[in-house]
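Computed from a predicted structure; not experimentally measured. Labels below follow one simple rule: chain letters A, B, ... track the order of the sequence lines, proteins then strands, and each chain is numbered from 1. Scope of the values below: all heavy atoms of this structure, side chains included, with no hydrogens, waters or symmetry mates.
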Amino acid sequence: MSTEEATAPSNFIRNIIQGDLDSGKHTAIQTRFPPEPNGYLHIGHAKSICLNFGIAKDFDGLCNLRFDDTNPDKEEEEYMHAIEEDVKWLGFEWSELKHASDYFQPLYMFAVKLIVEGKAYVDSLSADEIREYRGTLKAPGKESPHRNRSVEDNLGLFQRMKEGEFEDGAHVLRAKIDMASPNMNMRDPTLYRIKRTHHHRTGDDWVIYPMYDFTHCLSDAIESITHSLCTLEFEDHRPLYDWVLDEVKTPCHPQQIEFARLELKYTITSKRKLQQLVTEGHVNDWDDPRMPTISGMRRRGYTAAALRDFCDRIGITKKDSSIEMAVLENSVREDLNEYALRVMGVLNPLKVTIKNYPDDQVENVEAQNHPQNPDMGTRKVPFSKTIYIEHDDFMEDAPKKFFRLSVGREVRLRYAYYITCTDIVKNSNGEVIELICTYDPETKGGSSPDGRKVKGTIHWVSAEHAIDAKINLYDRLFTHPNPGSTENFVEHLNPESLQQLSHCKLEPSLANANPETHYQFERTGYFILDKKDSAKDKLVFNRTVTLRDAWAKIDKQNNS
RNA sequence: UGGGGAAUCGUCUAACGGCAGGACUACGGAUUCUGAUUCCGUCAAUCAAGGUUCAAAUCCUUGUUCCCCAGCCA
C-alpha cells in the first residue's frame with residue numbers, strides 16, 4: 001500500500017503497558033506469541049499475533065515466537081513450519097524463536113527446587129483417583145494420601161520418574177497448594193506427567209513432560225517477558241501463574257493479562273474443530289480457501305495488510321463478542337481496491353454476435369489497469385464480432401431499473417462500443433443461448449459523438465481470443481451464525497460454500513497470471529490464481545471477495 | 001454466597017465525574033465508461049432499580065443476564 005499504516009488504536013492492554021513505562025516499572029517491553037504446534041493458525045491467532053507483535057513494534061520492544069511444545073502426543077513438526085510461515089506472511093518478525101522444550105532441563109531443576117522446599121510432591125494416585133479427590137466446583141477436594149511424603153522420598157521418586165523407571169501414569173508431580181481452594185486450578189495442580197512419547201525436538205531424552213501451568217509462566221520468566229498476554233479462559237490460572245513464579249523465586253515476574261478470544265460469525269475458531277473438518281473431509285485441507293486459517297485465507301487471496309487492518313478494527317477487550325464477516329470483508333476490499341489489477345473475465349458466458357461488425361476484423365481496444373491510478377498503465381484487449389458477456393447481464397423481461405442488456409436496449413461494452421440487442425436465440429429448453437446485437441461504429445472507445453447517455457456498462461471478452469479458466473466461488477462455510485455453540489457443528493456446514501465454475505472466459509492477458517497478483521475482474525470481484533490447483537494450461541482462480549453489489553440489493557427487494 | 005470474568009447503537013469499539021464519539025452494517029443522495037471506488041447525509045446504544053453529586057456510562061447499593069473453571073490438554 002502506498003500509505004503508511006497507522007499504529008493500532010489503543011486498548012486497555014496498551015494503556016497498562018504505557019502506564020508501566022510511564023511509572024518506570026519497565027524500561028523496555030518484551031512480549032511473546034506462544035502457539036502450540038498442534039494445528040494451523042487461524043484468524044483468532046492473527047488477533048493475538050497482531051496484539052503481541054504490534055505492541056512490541058509500537059512500544060519499541062521485542063516479541064518472541066515460542067512454541068509451547070510440552071505435549072508430544074499432539075504436536076508435530078509440520079505445524080511448526082506452517083506457523084512460522086504464517087507469522088512471517090502476516091508481516092511480523094520475531095526477536096527470538098524459542099521452544100518450551102528448550103527449557104526442559106531448567107524446568108526440571110525448578111521442579112526439584114519446589115520439592116526440596118516442600119512445595120511439590122509425587123502423587124501415586126491414578127488419574128481417576130486424582131479426579132475424585134479433586135472435589136467439585138462447590139465441594140472442596142481432599143488431600144492425597146501421598147501428599148505428605150518426605151522430601152527425600154519425593155526427590156527419589158521424581159528422579160526415578162525422570163529415569164523411566166515407572167510406567168506412564170504411575171506417578172505425577174503435583175504442587176502442594178490447597179485442596180480446598182475455591183479455584184480448582186489451585187487444588188494441587190499436576191506439574192509433571194510420565195509420557196513415553198517421542199518428542200519432535202527432544203527425541204527420547206525425556207519421559208516426563210511438564211504441564212502448561214508450570215511451563216508457561218517459567219518460560220515467560222526465562223525470556224524476560226514483561227507482559228504475558230493470553231485469552232480469558234486463563235484468567236483462573238493467573239493465581240497459579242503467580243504462585244509458581246513466587247515459589248520458584250524467579251528474578252523476573254511477568255504480568256499475565258487476559259483478553260477476549262476472537263469469534264467470527266458463521267465460522268469456527270477452534271483448532272480441534274478445524275482439525276475435524278480436515279480429517280473428515282468436509283474441506284480439502286487446512287488451507288482450503290473456505291477455512292478461517294491464515295493459510296486458507298492467504299490462498300483465497302486475503303492479504304496480510306487486510307488481516308492486520310481487521311485486527312486493528314476489532315479492538316481488544318475482555319468482553320465476549322462475535323464479529324460480523326462484513327468487517328473482515330470490508331478490510332479485504334479496502335486493501336485490494338488500492339492496487340488490484342483491473343481485468344475482464346466472464347464467469348457464466350453468454351455468446352453475443354454483433355451482426356454488423358466485419359467478420360474477420362479484430363481491434364485492440366485500450367483498457368486501463370486501474371482507472372483511479374493511471375500510473376498502473378493500460379493494456380490492449382482484443383475485440384471481435386463474437387464475444388461473451390455475463391449471462392446475468394441479459395434479462396428477457398427486464399425491469400426499468402435493470403441497466404443492462406435486453407431486447408431493444410443499448411449498453412456500453414467496457415472500453416469498446418455501444419451495442420443494442422436485436423434478437424435472441426434459444427435452445428430447445430427455451431433457454432437463451434445467444435444474443436444478436438448491432439454495434440454503433442461511432443462509439444469506439446466507449447463514448448458517442450452525439451453524447452447520448454448509456455446507463456449500463458458491461459464487461460466482455462472476445463470469443464476467439466478468450467482463455468478458459470475454472471473459477472471457485474466461495475460462500476460462508478456455515479449456515480449457522482455460531483456453529484461452534486451447536487450440538488453438532490458439522491450439521492450446519494453450508495452445502496453451497498463452494499461453487500466451481502468450469503467454463504469461464506477470461507481476457508487473454510490473464511494467460512500470464514501469477515498467484516502473487518491480485519486481480520479485480522471488473523464488476524464481479526477480486527480474484528487470485530490458485531497456487532495449488534493451477535497449471536500452465538489449466539488456470540484456476542479463486543474469488544477472494546465479491547464487489548459490493550447495489551443491483552443485488554435492488555433485485556432482492558424486488559423479489560421479496 | 002463455590003471461584004473467576006463481562007455487560008455502551010443491529011455488530012464491534014471509545015469516552016476513566018463534565019456535549020455518549022468512531023468503525024462496520026442498514027438506509028437515502030451526489031459523482032462515475034465497474035450498479036465498484038469516491039463524496040455527502042440519515043437511522044441507531046449506556047442491562048435494571050435505587051442512591052451520591054450542580055453533573056453519572058463512569059462512584060455506591062441491590063438485582064438481572066451472559067461467559068469461563070472439576071485434563072496426567074494448551
(message) Which nucleotide wins on minimum distance to the side chain of A/Thr317, given the candidates B/A26, B/U13, B/C69?
(response) B/U13
(request) Side chain of A/Gln372 only, please: which of B/U34, B/A7, B/G5 is the nearest? (result) B/U34
(message) For a quick test of reading the model, state the closest non-hydrogen atom pair linking A/Asp440 to A/Arg452 and the distance between them.
(response) OD2-NH2, 2.9 Å
(request) Examine A/Lys455 relative to A/Phe403 and say whether NZ or CZ is less than 6.0 Å from the centre of the six-membered ring and inside a 45° cone about the ring axis. (result) yes
(request) For this output row, return yes or no: ring centroids of A/Tyr212 and A/His216 closer than 6.0 angstrom. (result) yes
(message) Using Watson-Crick or G-U wobble geometry with both distances under 3.5 Å, which nucleotide pairs with B/A70?
(response) none
(message) Is the phosphate of B/A74 approached by A/Arg193 (side-chain N or O, under 4.0 Å from OP1 or OP2)?
(response) yes
(message) Categorize A/Met211 for me: base, sugar-phosphate, or nothing, with a 4.0 angstrom heavy-atom threshold over every strand shown.
(response) sugar-phosphate
(message) Counting only side-chain heavy atoms from C-beta out, which of B/C24, B/A26, B/G71 sits nearest to A/Arg134?
(response) B/G71
(request) Look at the side chain of A/Ile130 and decide which nucleotide, out of B/U34, B/A6, B/C72, has an atom nearest to it. (result) B/C72
(message) With a 6.0 Å cut-off (strictly less than), is the heavy-atom count around CZ of A/Arg379, excluding the residue itself, greater than 12?
(response) yes
(request) Report the nucleotide, chosen from B/C72, B/C73, B/U34, that has the shortest atom-to-atom distance to any side-chain atom of A/Glu36. (result) B/C73
